[in-house]
Q: 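Here it is, the structure, as structure tokens.
Since the structure is predicted, the reported quantities are computational estimates derived from the model, not experimental observations. Throughout, a chain's letter reflects where its sequence line sits, starting with A, and its residues are numbered from 1.
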4 protein chains.
Amino acid sequence: MREMKELRIGMMGYGFMGRTHSNAYKRLTDFFPVHHKPVLKAVCARNAEKAQAFADNWGYERVETDWRKVVEAPDIDLIDIGTPNDTHYEMALAAAKNGKMVCCEKPLALSVAQAEEMTKAVEDAGVPNMVWFNYRRVPAIALAKQVVDEGRIGRAFHYRATYLQDWTIATDVPQGGAGLWRLDSDVAGSGVTGDLLAHSIDTAMWLNGPITRVVAKTETFVKERVHAVTGKVQPVGIDDACMFLAEFANGSMGTFESTRYARGRKNFNTFELNGADGSLYFDLEEPEYLQYFEYLQKQSGKKLESHLTGWRKIHVTNSEHPYMNRYWVPGTCIGYEHTFLNALADFVMGIESGKPTEPTFRTALQTQKVCDAVLDSARSGSWKETGV
Amino acid sequence: MREMKELRIGMMGYGFMGRTHSNAYKRLTDFFPVHHKPVLKAVCARNAEKAQAFADNWGYERVETDWRKVVEAPDIDLIDIGTPNDTHYEMALAAAKNGKMVCCEKPLALSVAQAEEMTKAVEDAGVPNMVWFNYRRVPAIALAKQVVDEGRIGRAFHYRATYLQDWTIATDVPQGGAGLWRLDSDVAGSGVTGDLLAHSIDTAMWLNGPITRVVAKTETFVKERVHAVTGKVQPVGIDDACMFLAEFANGSMGTFESTRYARGRKNFNTFELNGADGSLYFDLEEPEYLQYFEYLQKQSGKKLESHLTGWRKIHVTNSEHPYMNRYWVPGTCIGYEHTFLNALADFVMGIESGKPTEPTFRTALQTQKVCDAVLDSARSGSWKETGV
Amino acid sequence: MREMKELRIGMMGYGFMGRTHSNAYKRLTDFFPVHHKPVLKAVCARNAEKAQAFADNWGYERVETDWRKVVEAPDIDLIDIGTPNDTHYEMALAAAKNGKMVCCEKPLALSVAQAEEMTKAVEDAGVPNMVWFNYRRVPAIALAKQVVDEGRIGRAFHYRATYLQDWTIATDVPQGGAGLWRLDSDVAGSGVTGDLLAHSIDTAMWLNGPITRVVAKTETFVKERVHAVTGKVQPVGIDDACMFLAEFANGSMGTFESTRYARGRKNFNTFELNGADGSLYFDLEEPEYLQYFEYLQKQSGKKLESHLTGWRKIHVTNSEHPYMNRYWVPGTCIGYEHTFLNALADFVMGIESGKPTEPTFRTALQTQKVCDAVLDSARSGSWKETGV
Amino acid sequence: MREMKELRIGMMGYGFMGRTHSNAYKRLTDFFPVHHKPVLKAVCARNAEKAQAFADNWGYERVETDWRKVVEAPDIDLIDIGTPNDTHYEMALAAAKNGKMVCCEKPLALSVAQAEEMTKAVEDAGVPNMVWFNYRRVPAIALAKQVVDEGRIGRAFHYRATYLQDWTIATDVPQGGAGLWRLDSDVAGSGVTGDLLAHSIDTAMWLNGPITRVVAKTETFVKERVHAVTGKVQPVGIDDACMFLAEFANGSMGTFESTRYARGRKNFNTFELNGADGSLYFDLEEPEYLQYFEYLQKQSGKKLESHLTGWRKIHVTNSEHPYMNRYWVPGTCIGYEHTFLNALADFVMGIESGKPTEPTFRTALQTQKVCDAVLDSARSGSWKETGV
């Protein structure tokens, strides 16, 4: 029987991300041969009753309503920040100060300034840290990274990404409150830029390197919505949609677009990378596939025979594919939740090996810089340097 | 906090199905508001060491090597039979005799005669029973059933199903032993017919009613393989591939085919149903989709406008879709393993409501009849009545 | 300027096939560097008025109502038989007897006996002859043949074909007459078997070799229809649907199905070939694609890297692809009508080179044998040898 | 027999567009019940020998090398300008001055100034005029327009278009000369902006109304190429790629991108329109499909049932679909060349009815304005008003 250390979790928030993370902690040792067993020590939220129901469901030992008690608790090793965006900063600083590991939901912060301070805090404290850009752990996206790293794409020319949803078209969707804080700019900081494009940017820079300049436009299609907390009709402060052009450091061009107003697109997080030697395409609505166009056939060292070229749908469920040897049999799919489980496993293996797991706070800071430049550009109407 | 009863599990086998079922037991209460909490009491297998490793991984309280001790144990409520096919009969009879609930992997038995006896045993004992035809719990397949039940397909003309894989093409794959007993006819009973077509037949009869007559052909492409246990080259007794034509009681025609020699098809379990008012198509390799061709538009009561007809890919991830309200958000997929979790949840809700959960042993007996008629027909070369 | 001989056409019939063939004759020299220029001498049909309108539209020099005058006309080189099936036999015999080249629509004949006599007639007369199995000239299907011939598929295990349509579901579609003779068994000989499965069988044997044994079932879903000529409700004699299992001479297994009752399938002529080294899939509803799963990578001589395997959609519009260098630029599609044009070009190049163009009457006779065996088997319910 | 007038054609250029247009003229009366029969009077090009070969192939009565002789010829009714972009201006002015109808290839001109003058010329002369934005006549795109006009999309939020190709990645492709003038900025005016984005913009404004503001970036990936005429390595002046953000007058947002460096994309001309009530998607590489997401079901007046929503692939081959009743049978595709034939038929029907056929020169002028604003913005780096 493998020896196990405890990894004692303090979970901030019981919302959507509270669920996905809790599930990951509970499943970790079932699937991964790690030597840390997560223990669900405490969940923290302002609403004690709901937090207790959550704790009962998932098996947390206790409930706290004061987050400072959690970050200071001696029986907790890792602070997981799954609360709304406006809380990340303070919690992360306090967690680092108390020497806790920190895993934080994305976007890391409300601003580059915050993100820089947070990064400094975890680095000064020397605590393992990660930001939950879980889509890096979709096996097909991890495979895309592998294909790039194997040198199969060649000189990059184009990168294009979309992240399209359609759930806020109805004007009677309220803003704010536990379920809809993502529509409240005071809490979320931004709309689709921080919520969705942050994912697209993280993936893009992972696969294709730094984004150096951007020009953007945002739009708020529904100008006023009832606020769920106040009950009043209030102006909507978030960006409902955002599109931008980008320059990458490697000389390639990028287009990015995100919205919650693309009727029929539910979680249409796509990217395409075009290089001289090959291309890749991914769509999160069919996450089991990576599409690959092979032009230079590395195995033979030749251009693929012209009459046989085509986009190949790789069903990313072979045991040779990233993460898939931990699960079932070839041809069977895993789900959305496993991206968190895979990320957690990588994080824990990082603790065990001493090698930091990406994306760290420092890496997420780069994404934050791009997000801020995008919003800046949208306000000013001109190209902005990202500083990445 | 909801009141919980224990549901104490005795798991037979630690193989692939041992894993999928154990996972389902552990996750049940995380996702479903049931009032039974599975407790993993015992896992049983002949190899004590491997069973112990499995128990350690998944959290079983004890290991047994004599299955009779498990079916007789007073601290066990439910016997889950995940062992190779040749063991189902004896175990199920003993479990029923001891008043245990029984959940059995498919195919239920090696023959109709066995299946009839097993059905009688659980019915005489009055114990809840289910066969793990887990694909009924793929949300898209459950949605197909809903669409049929809503009367959207009309008079059925055609049903066609394939279940194609490609993992036994290499002639040096051995037969027999823990990993490959499915290739050993003594243990498996049959090849693709019991392993894969049983799924196709179960789904077909669920959606389109009884199959009454069949004509079939089977083939064994690789005639000899090393046996993993004996180390000797031995004749292969299973059917590597099987295809058959079918008549349904409702007058529609069916084609069925299964193989493990379809290069490039990994888990290509597909069906298509064509009716006068609409059609459905499903492919397990992209399990998040159900394809639907609507001809008669029920909401309007009219034929859909001709210029707008087309096959619609329904991304079966809305909260209105079967099972999906238990999981994440619209647009996010669940995985293969959730089909077992959903099945278990249905079974437990069946216990709680007193309404038997399909497919029961009696229902699986019907599938067994078709499988036997298929193999009979393949031997004789003539059409066979199924007796269903 | 290239030297041109005239190729003087006598066209039998002005229906759907009369149009597709006439179009091919008129476009031949625009696209192909052949040395024969078709001249539209005469079109023949019983309805003089309609034939005249057709002649005016397409530019035929004269109209005949007695087909014997056409086959005997000294100013005609090639008799093209595009009339209903029951006329092929007599016309082909007479054309051969008069030393004319003969291009005949499929199915070649109403029976093997007729087809044998017709084959003997054209061979005895030594006249160039072809049957219009035009789908061989879909570039993607021609590419499939090329891939097979290049040895990329390896030992064949499975072949499956469907030809599904949905245009006769309505019970008020009449049978018989100029537009609907395909539903009248006296004229058509059979239903989907001769009309659609003949195509599937021709393609299958071209790609995968002879079909040696079959077992089939046919169905007539609508038992009676008004006859367009008599105005009376009469029994329907054709097969509305036909499905059969097949054995190929190379040891592979086949499934075939055709119907006009598959709601949502308009011209769903598909095939899939699975071999040890690769697989192919085609669907006529997206004719610009051939799907290819490469397992053995010939260029490198190795198995394709496991993490890169997948079904590849080859957009068959490169200049390297069959026929495509005659048309536009890569990425642009040709249409249904070009399959006839390509076939005609091949036929004319056959005349010019002296090498017979496939499929000849003799080749089509083999397809006729399979069709007849299929219908025989459907009547008797037992496996039939095809004699191919 | 329908009465026919002659429509006497003077064709400028024998290149790719010379072929597509000539084919259209020759096929017109075969498929469309118009009352004008094109007569191929003259083809004009500087290379007399090649022009003669072209004339022989397609059946032009004579060859001219001085284009002024053609525009002044009394036996010519319609001047068709298929020559490189830098010739359009002078030829169109002269044609109009001589009272000829003018059909001009896109882009209309090298600049807005030219386009305005050309528009004035044809309007002052009162001659029928059209620009060959042939993709409006892809049946699926025409269907998209119909769906929009039927009010099925509702308030528009997003429009996104790509036009991706990959044929200039190799650095040894020369620029200039008969085959590659599109890479020579002196002749082409611009690169992908005029060649490909002009199509995307024409379609976008047809479907979604005026584009009012843009911000763009262009790139020239290969900075120098051998010039085919001079034989020297010369700087490349065209834009190899262009991407821009757009604002539409209706308040929706647009992204556009075009390149010839997207490995694996051959003619990937796509658009997507997202509205409150429905969405549309099209891809020219599978031109037979229009994808439609229906949210508001007009026939019933209700939101489509939630469990049945999905993207529908409409196979645009029904007789109810635009143009398709002129061709074959449902389920059969037409090809690239038919877009020109359909456009010509519309133009001729416009002559016969007296109603101008879109897009006229005036409409194409609007597209030119957007193209110019895009190139302006790419130079300046700032948003530009289009003036449309």
Q: Where does A:Gln291 contact chain C at under 4.5 Å (heavy atoms): side chain, backbone, both or neither?
A: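 When you check distances to chain C, no heavy atom of A:Gln291 falls under 4.5 Å.
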Q: Heavy atoms only, distances under 4.5 angstrom: which of C:Met324, C:Gln146, C:Lys298 has the most pairs with chain A? Name it, please.
A: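 Most pairs with chain A among the choices: C:Gln146.
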Q: Quick check: are there more than 12 heavy atoms from other residues, nucleotides or ligands sitting under 6.0 Å from CZ of A:Arg362?
A: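 At most 12 heavy atoms, drawn from other residues, nucleotides or ligands, come within 6.0 Å of this atom.
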Q: Please round to the nearest 0.5 Å and tell me the distance separating atom NE2 of C:His315 and atom CH2 of A:Trp311.
A: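 Those atoms lie 13.0 Å apart.
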Q: Could you have a look at A:Val147, A:Leu143, A:Val316, A:Leu308 and say which one has the most heavy-atom pairs with chain C under 4.5 angstrom?
A: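 Of A:Val147, A:Leu143, A:Val316, A:Leu308, A:Leu308 has the most heavy-atom pairs under 4.5 Å with chain C.
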Q: Checking heavy atoms, do the side chain of C:Leu304, its backbone, both or neither come under 4.5 Å from chain A?
A: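 Backbone plus side chain of C:Leu304, per the 4.5 Å heavy-atom cut-off to chain A.
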Q: Name the member of A:Glu320, A:Arg152, A:His307 that forms the most heavy-atom pairs with chain C at distances under 4.5 Å.
A: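 Highest number of heavy-atom pairs under 4.5 Å: A:His307.
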Q: List the steps and the verdict of side-chain contact (heavy atoms from CB on, under 4.5 Å) for A:Asn318 and C:Thr309.
A: CA-CA 9 Å; A:Asn318 290 346; C:Thr309 54; 3.6 Å; yes
Q: On a heavy-atom basis, which atom in A:Ser300 and which in C:Gln297 lie closest, and how many Å separate them?
A: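 It is CB-OE1, 4.4 Å.
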